[in-house]
Amino acid sequence: MESLYRDDWLTRKIVDIVPYDCVREWREWAGEAQAVARLKALESRLNLRRAVQRAMVMGRLYGGGALIIGTTETDPAALRSELRPEAVGPNGIVLLHAVSRWQLAVAEIERDPLSPWFGEPKAYEVTAPERGALVLHLSRVIRFLGNPLADPSLFGADLWSDSVLTALYDAIHAGGSDIGQTEPSWPDSRRHVNCERARRPPSPAGTRGARLLEHQPRRLTRHA
């Protein structure tokens, strides 16, 4: 998938077009002017628009992407706890990281049907070279998917989905082969048309003018 995305323009367009269109016009906030200004400033500081686009691209390409929400909390025990929006201050969110499914590990899925988190991971794990393994509560990660599976557990992919390219692979491959094997239908030659008169006065309008043009003398030469 990675090679197709990097080397084939059609594959890249299929993956990129939806994320691009989703963030192209972005959104408009309605409300009190100062509150709207603060929201826009926060979005700009976090580069939210770009982060969402990247996470969506990875979701469509790899079958899974995510945004990691970073707050002022850095204690490992706090990262394991649920992120409650009401407890986050005006500048409480300090970063957003877009990552692919391959950068997140999931140890266990919640199987209790009475849990509000049923079917979700109990936690995510991210490996940081300087910090070691960090365990993140699922509320601190936002998933982005590609083409959903009817029952992911049957495919050993409880959490993720198919790449949008999976169902299109044969068509993309066949289309690329056809283009590569197509030969030009014209000879490798140049044709020059030399008219006896390079410039002609404007012709009379209407049918009479068309007839005059038809009878103008021309000399055509072809150079292979």
Side-chain angles (χ1 to χ4, degrees), residues 1-3 5-6 15-16 18-19 22-23 26 38-149 151-166:
M1 296 299 180
E2 181 73 25
S3 297
Y5 180 73
R6 294 178 64 184
V15 172
D16 289 353
V18 172
C22 285
V23 304
W26 200 225
R38 287 194 297 269
L39 285 170
K40 289 185 175 181
L42 177 61
E43 288 186 348
S44 177
R45 177 172 64 81
L46 296 174
N47 203 5
L48 177 61
R49 190 171 178 178
R50 174 61 176 162
V52 169
Q53 184 178 6
R54 289 195 64 226
M56 290 184 70
V57 166
M58 287 187 279
R60 290 173 60 79
L61 177 58
Y62 301 123
L67 281 180
I68 296 176
I69 304 172
T71 66
T72 54
E73 299 171 312
T74 57
D75 181 66
L79 298 178
R80 293 171 180 263
S81 63
E82 182 178 353
L83 178 62
R84 300 185 179 278
E86 63 273 13
V88 179
N91 297 310
I93 298 178
V94 296
L95 58 87
L96 290 174
H97 289 321
V99 298
S100 76
R101 62 184 290 183
W102 311 117
Q103 296 171 271
L104 293 172
V106 178
E108 189 178 357
I109 302 294
E110 178 60 71
R111 301 298 185 188
D112 181 3
L114 300 181
S115 169
W117 304 110
F118 175 71
E120 296 290 329
K122 290 188 175 181
Y124 293 92
E125 188 175 294
V126 183
T127 301
E130 296 82 8
R131 298 175 180 268
L134 293 177
V135 179
L136 306 176
H137 190 272
L138 65 95
S139 61
R140 298 175 184 270
V141 177
I142 303 172
R143 286 203 318 276
F144 292 81
L145 302 178
N147 286 342
L149 300 170
D151 187 356
S153 63
L154 295 178
F155 301 91
D158 297 278
L159 198 61
W160 306 108
S161 62
D162 271 343
S163 166
V164 297
L165 302 177
T166 300

Margin query: The criterion is side-chain hydrogen bond (donor to acceptor under 3.5 Å, both in side chains); which residues satisfy it with K40, sequence neighbours excluded?
Written below: none
Next item on the list: Drop me the distance from R140's CZ to S81's OG, to the nearest 0.5 angstrom.
Entry: 4.5 Å
Notebook entry, point to check: Do side-chain atoms of S161 reach the backbone of L149 as a donor and acceptor pair under 3.5 angstrom?
Noted result: no
Check: How far apart are the closest heavy atoms of A78 and E73, and which atoms are they?
Finding: CB-CB, 4.0 Å
Note to self: Quick check: closest heavy atoms across N147 and S163, and the distance to 0.1 Å?
What the structure shows: ND2-O, 4.0 Å
Margin query: To the closest 0.5 Å, what do you measure between CG (L134) and CZ (R80)?
Written below: 9.5 Å
Item checked: Counterpart residues, salt bridge (Lys or Arg N to Asp or Glu O under 4.0 Å), relative to E2 (two or more places apart) -> none
Notebook entry, point to check: Looking at P121 and V106, what are the two nearest heavy atoms and their distance?
Noted result: CB-CG1, 3.4 Å
Notebook entry, point to check: Do the non-hydrogen side-chain atoms of D112 and F118 ever get within less than 4.5 Å of each other?
Noted result: no
Next item on the list: Output the distance between atom CZ (R101) and atom CG (L145), rounded to the nearest 0.5 Å.
Entry: 9.0 Å
Check: Which residues satisfy the side chain to side chain contact (heavy atoms under 4.5 Å, CB included) test with L42, sequence neighbours excluded?
Finding: R45, L46
Next item on the list: Rounded to the nearest 0.5 Å, what's the gap from CG on L61 to CZ on R6? Could you check?
Entry: 11.5 Å
Next item on the list: Could you check N47, V18, V23 and say which one makes a side-chain contact (heavy atoms from CB on, under 4.5 Å) with Q53?
Entry: V23
Next item on the list: Output all residues satisfying salt bridge (Lys or Arg N to Asp or Glu O under 4.0 Å) with E125, sequence neighbours left out; order by chain, then residue number.
Entry: none
Margin query: For a 4.5 angstrom cut-off between non-hydrogen side-chain atoms, does L79 reach V135?
Written below: no
Using a 3.5 Å cut-off and no angle test, enumerate the donor-acceptor pairs between side-chain atoms of residues 83-94 and protein atoms at least two apart in sequence or in another chain.
none

Next item on the list: Check ring-ring contact (aromatic ring centres under 6.0 Å, His included) between W117 and all other residues, then give those that pass, not counting sequence neighbours.
Entry: H137
Next item on the list: Measure across A51 and A98 and return the closest heavy-atom pair with its distance rounded to 0.1 Å.
Entry: O-CB, 3.8 Å
Next item on the list: Return the set of residues passing side chain to side chain contact (heavy atoms under 4.5 Å, CB included) with I142 (not counting sequence neighbours), or none when no residue passes.
Entry: L67, I69, F144
Checklist line | With R143 via salt bridge (Lys or Arg N to Asp or Glu O under 4.0 Å) - residues at least two apart | finding: E120
Notebook entry, point to check: With sequence neighbours left out, what residues match S100 under side chain to side chain contact (heavy atoms under 4.5 Å, CB included)?
Noted result: M58, Y62, W102, Q103
Check: Considering residues at least two apart in sequence or located in another chain, which fulfil the side chain to side chain contact (heavy atoms under 4.5 Å, CB included) criterion with D16?
Finding: Y5, R12, V57
